[in-house]
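For reference, the structure discussed in these notes is given below.
Computed from a predicted model, the values in this text were never measured in an experiment. When a ligand or atom number is given, it counts from 1 through the structure's own listing order. One-based numbering along the sequence shown.
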Amino acid sequence: MSESSTPTTMVIFGATGDLTQRKLIPGLFSLFCKGFLPEQFAVVGFSRTEWSSDEFREQMLAGMKALAPEMLNKKAWPDFARHLHYTPGNATKAEDYATLQTFLTELEGGAANRLYYLATAPNFFEPIVTQLGQAGMVAESIEPAVWRRVVIEKPFGHDLASAQALNQIVHNVLDEHQVYRIDHYLAKETVQNLLVFRFANTMFEPIWNRNYIDHVQITVAEAVDVGHRAGYYDQSGVLRDMFQNHLMQLLAFVSMEPPTSLQADAIRDEKVKALRAIRPLSPAEIARHTIRAQYEGYSTADGVAADSQTATYAALELYIDNWRWQGVPFYLRSGKAMCTKTSQIIIQFKEPPHMMFTIPHDQPIPANYLAFCLQPHEGFHQRIELKEPGREVKLRSIDMDFHYEEVFHPDHVPEAYETLLHNALDGDATLFTRGDGIEAAWQVIDPILDAWQSAAAPPLTTYKPGSWGPAAADELLGKNRRRWRHGCLDEATEGK
Ligand code: BG6
């Protein structure tokens with residue numbers, strides 16, 4: 001039986017939660033409409049709420065109408081809804097796994113692949129994986145050829161020790177090839193394009209190193225504040241919520257060595273090597289190279305402790321100790337309640353070694369940069385210098401740019417969860433994080449979290465909601481005569 005002709009079931013743990021309605025069902029529905037799901041495909045929701053399958057279908061339709069109306073193809077929905085099923089159960093109770101197993105076997109009526117999706121709160125990851133193992137529900141077979149895969153949502157651990165412990169539990173039950181740890185940033189089209197940009201063009205790779213690059217900036221700014229997630233967020237903070245996963249993954253993609261192939265493990269090996277080469281920071285360096293800040297008004301939000309020290313913004317200066325990157329700072333920043341939503345990577349090249357042209361004395365020597373815009377307008381800009389027309393030799397900076405939306409039809413840019421679900425069903429783990437990759441990222445973040453709890457912590461500063469963050473973050477670059485660039489946005493906002 002070929003993979004696509006084998007019946008496939010996706011079991012969603014935490015099926016009544018936000019993620020299922022917001023991301024999973026719209027992603028699956030889109031795959032269904034494009035004909036990418038196996039012919040015999042079932043989605044089984046599993047949660048404590050006592051819903052029937054019909055109620056599950058109604059709730060998912062209501063979710064589509066409210067959260068993804070532009071994707072709701074009303075003609076196709078009834079056909080898709082026939083694939084949706086639900087059985088109630090408690091993910092921590094062994095007897096409920098027996099009920100689930102019976103439900104699945106009756107539904108499948110024979111050999112079937114299974115994708116278990118853990119869309120629950122993180123404290124359920126361990127019991128679910130253990131129970132699945134004890135119930136014998138993750139054993140794969142060659143004849144008939146069926147696979148068992150488990151998708152694990154973030155956060156994977158809340159520090160290095162808990163991530164290692166969770167990996168241990170996962171590996172007691174599953175082989176690494178069965179595990180798909182999600183980081184939705186990896187499925188953003190521009191992130192994948194970074195690989196193509198770097199390794200399918202000969203002109204960039206030779207200059208992608210300390211000889212030509214002055215520094216790298218990675219910005220993931222969000223305009224939203226913590227909203228209704230304050231209870232979770234106050235325990236987590238920006239380092240766990242955004243840096244350990246998304247920003248570390250972006251850093252790995254930008255800095256890794258060329259993999260020998262596009263095989264998942266070839267790419268993941270290189271990413272892990274890059275993360276492991278990040279220089280560990282001593283507490284004194286953490287005080288100098290990291291900025292932590294909280295937006296004004298955060299501590300009055302529902303669910304936040306009045307004296308909360310949780311950072312909603314962080315900026316880090318990191319170094320990668322290898323031949324390619326020695327001495328090149330990587331500046332990373334992310335925060336909530338900032339002036340705009342943008343995710344971008346700036347590769348700032350060095351100044352020309354000798355400036356023959358006259359430039360105003362109060363202006364810095366212009367230097368090229370490349371800006372990768374991950375969102376909202378996916379694409380990239382290349383900043384170069386040109387001569388303005390006229391007798392005088394006057395320089396002008398201009399951007400050569402490319403935007404996905406101008407070149408490709410919007411339907412050609414799938415949403416991140418759609419891509420990830422498709423890949424997990426296809427058995428392609430390239431865009432999922434391997435166990436050692438998760439631990440390598442925690443290895444960088446853990447000492448910073450510890451130092452931030454100690455007397456050596458940098459001061460917790462504040463910033464105004466709707467700004468670019470605290471002044472201290474500007475000083476982090478300013479001390480070396482550098483500045484944050486807002487490259488993908490209107491240049492009019494630069495420097496503000
Ligand atoms: C999630 C974080 O992983 O990423 C959220 O938990 C954050 O706090 C979100 O808002 C940002 O994702 P995106 O795709 O909107 O940039």
Amino acids contacting ligand 1, non-hydrogen cut-off under 4.0 Å:
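Under the 4.0 Å cut-off, ligand 1 touches Lys154, His184, Tyr185, Lys188, Glu222, Arg229, Asp241, Met242, His246, Lys336, Lys341, Gln375.
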With side-chain hydrogen bond (donor to acceptor under 3.5 Å, both in side chains) as the rule and sequence neighbours excluded, what pairs involving residues 56-68 come up?
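Non-adjacent pairs meeting side-chain hydrogen bond (donor to acceptor under 3.5 Å, both in side chains): Asp54-Arg57.
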Pairs meeting criterion ring-ring contact (aromatic ring centres under 6.0 Å, His included) with involvement of residues 229-253, two or more places apart:
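Applying ring-ring contact (aromatic ring centres under 6.0 Å, His included) to every pair that reaches into residues 229-253, excluding sequence neighbours, yields His184-His246, Tyr185-His246.
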Would you say Asp183 and Thr433 are linked by a side-chain donor-acceptor pair, where the criterion is simply a distance under 3.5 Å?
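Distance-only check fails for Thr433 and Asp183.
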Evaluate the ring planes of Phe46 and Phe13, with Trp represented by its six-membered ring, and classify them as parallel (under 30°), tilted (30 to 60°) or perpendicular (over 60°).
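Plane angle over 60°, so perpendicular.
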With sequence neighbours excluded, residues passing side chain to side chain donor-acceptor pair (under 3.5 Å) with Glu153:
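Partners of Glu153 by the side chain to side chain donor-acceptor pair (under 3.5 Å) criterion, ordered by chain and then number, come out as Tyr117, Tyr417.
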Quick check, are the ring centers of Phe32 and Phe41 under 6.0 angstrom apart?
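Centroid separation for Phe32 and Phe41: 6.0 Å or greater.
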